[in-house]
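One structure is given here, and the rest of the page talks about it.
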Amino acid sequence: MELKQSALCQKSLLLVTTLLLIPIFYGHTVTTHLRELRAVSGAILESSWEAFLQLVGEDDYNLYVWGITLSVQIPFWAIGIFFMIVDYYNWPKWFRKYKLQPGTNEPVDLNKLLETVKVVLINQWAISYPLTIVSYYFKKATNTTPIIHGLPTIEQALLDFTILFICEEIGVYYVHRLVHHPKLYITVHKKHHEWRAPVAIASMYSTPIEYLLLLGAAAVGPLIVNPHTALLWFWYAFVHLRSVNEHTGYKFPWLPFSDHHDYHHIMNNACFSHSYFLDWLHGTDKGFRAYVSRKKSSKQID
C-alpha cells in the first residue's frame, strides 16, 4: 500500500515538474505561435467581413435594422421549428431520454402551439421590429451608430461581450422578479407561465408589456458599450438562442442551464436568472438545488 502511494506521489511530482518546466523552456515559442495564429485568424476574419460587406452593401440602416432582425429571426425560427417537429411527432425517439418533464407535450397540443406562434410573431414584428427602427434613428441622431469596418480585437470583443452579458443578467433577473410581484403577475407575466412544461418558441410567448421589459434588459448593454455591428448581431443571436435553449424542455449534456429555467416553470417562484449567480446570491435557487440533489439520489438508487 505504501509503495503504491509512493509511486503515485512520484508520478504526481513528475507531472507538476513537467508542467512547470514547459513554460520556462518553451514559453517564448508557444507565445510566438499564438501571436502568429491570432494574426492569421484576425486577417482571415477581417477579409471575410469586408467581403461580406461588399456582398450585402454598407447601408447602415440595413446593417443595423435588418442585421439585428435577421440575427434574431433566423436562429430563433430554425431551432424553434425543429423542436416543434420534435415535440409534435415525438421524433427522434432518443431525444426523450433528455426530456426534463417526461410525459409532457407528447405530443404537444397543436392548437396551443399555433396560438404561441401567433403571439410570438406579433411580439417580433409589431413590437421588436418597430423598436429596432426607432433605436436606429436614435443612434443616428446621437451619432452612435455601430462601427461597420475594422473588426474589434479579440480582447475588445471579449470585454464588450462580458459587459453585455453582465448587464443583461442583472436586468433580466430583477425584471423577472418584478413581474412575479402579485400586483403584476396576472396582467404581465402569467401568460408566459401557461406553458408549465415549456417548448422552445415559448421563450417569446408573453404579453407585450413583459416583452418590452425583457427587450429593454437585453438593450441596456448595447446602449452602454455600443459594440461593433458584427458583435451586436452575435449578441442578439446569443441572447435569443440561450432563451430558446432554456425553454426546449430538454437538457442535453452539451448545452447548459435549461433545467434551471425549466424548474422555474414548474415551481413559478424560483430561478429567475439565466445563469446561477444572482439566484445563488439572493437564495432563490435553494429549491432547485434540493430538487437536483433528489433527482441524483433517485438515479443512484435506480
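Note that the coordinates shown come from a computational prediction; the quantities given were computed from them, not determined experimentally. Here, residue 1 is the first one in the sequence, and each next residue gets the next number.
- Linking Ile, Leu, Val, Met, Phe, Trp and Tyr residues whenever their side-chain heavy atoms come within less than 4.5 Å places Y211 and W195 in a single cluster.
- Y276 and F272 fall into different hydrophobic clusters, where Ile, Leu, Val, Met, Phe, Trp and Tyr side chains are chained together by heavy-atom contacts under 4.5 Å.
- I127 CD1: more than 12 foreign heavy atoms inside a 6.0 Å radius.
- No more than 12 heavy atoms of other residues, nucleotides or ligands shown are found within 6.0 angstrom of CH2 on W91.
- Classified by interplanar angle (parallel below 30°, tilted 30° to 60°, perpendicular above 60°), the ring pair Y291/Y263 is tilted.
- Cluster annotation: L212 and I170 are assigned to distinct hydrophobic clusters (Ile/Leu/Val/Met/Phe/Trp/Tyr, side-chain heavy-atom contacts under 4.5 Å, transitive).
- Aromatic ring centres of H228 and H149 lie farther apart than the 6.0 Å criterion allows.
- Note: Y98 and W94 have perpendicular aromatic rings, judged against thresholds of 30 and 60 degrees for the angle between ring planes.
- Distance CH2/W66 to CD/Q73: 8.5 Å, rounded to 0.5 Å.
- The CD1 atom of I201 sits 8.5 Å away from the CD1 atom of I81 when rounded to the nearest 0.5 Å.
- Side-chain rings of Y64 and W233 stay apart, their centers remaining 6.0 Å or farther from each other.
- A donor and an acceptor atom, one from each side chain of S275 and S273, are nowhere located under 3.5 Å apart.
- Within the model, atoms CE of M204 and CD1 of I122 stand 14.0 Å from one another, a figure rounded to the nearest 0.5 Å.
- Comment: R242 engages E169 in a salt bridge, judged by a side-chain N to carboxylate O separation of less than 4.0 angstrom.
- Using modelled atom types, one finds a donor on one side chain and an acceptor on the other under 3.5 Å when comparing Q124 with W77.
- Cluster membership for L241 and F82, using ILVMFWY side-chain heavy atoms within less than 4.5 angstrom, is shared.
- With rounding to the nearest 0.5 Å, the separation of OG1 in T207 from CD1 in I186 is 12.5 Å.
- More than 12 heavy atoms of other residues, nucleotides or ligands lie within 6.0 Å of CZ in F252, so this atom counts as buried by the packing criterion.
- H260 and D285 are not linked by any side-chain donor-acceptor pair at a separation below 3.5 angstrom, with hydrogens and angles left out of the test.
- Within a 6.0 Å sphere centred on NZ of K139, other residues, nucleotides and ligands contribute more than 12 heavy atoms.
- Donor-acceptor pairing under 3.5 Å is recorded for the side chains of Q156 and D160.
- For the pair K99 and Y250, the distance from NZ or CZ to the six-membered ring centre is under 6.0 Å and the angle to the ring normal is within 45 degrees.
- At a threshold of 4.0 Å, the pair E194-K112 does not count as salt-bridged, since none of the basic side-chain nitrogens sits closer than that to a carboxylate oxygen.
- Around the CZ atom of F234, the shell of radius 6.0 Å holds no more than 12 heavy atoms that belong to other residues, nucleotides or ligands.
- Taking 4.5 Å as the limit, every side-chain heavy atom of E246 sits out of range of all side-chain heavy atoms of D262.
- Under the 4.5 Å side-chain contact rule for hydrophobic residues, V220 and L213 do not share a cluster.
- Remark: the backbone N or O of H193 is not paired with any side-chain donor or acceptor of H265 at under 3.5 angstrom.
- Counting non-hydrogen atoms of other residues, nucleotides and ligands closer than 6.0 Å to CZ of F161 gives a total above 12.
- Side-chain atoms of H261 and H274 form no donor-acceptor pair, as typed in the model, at a separation below 3.5 Å.
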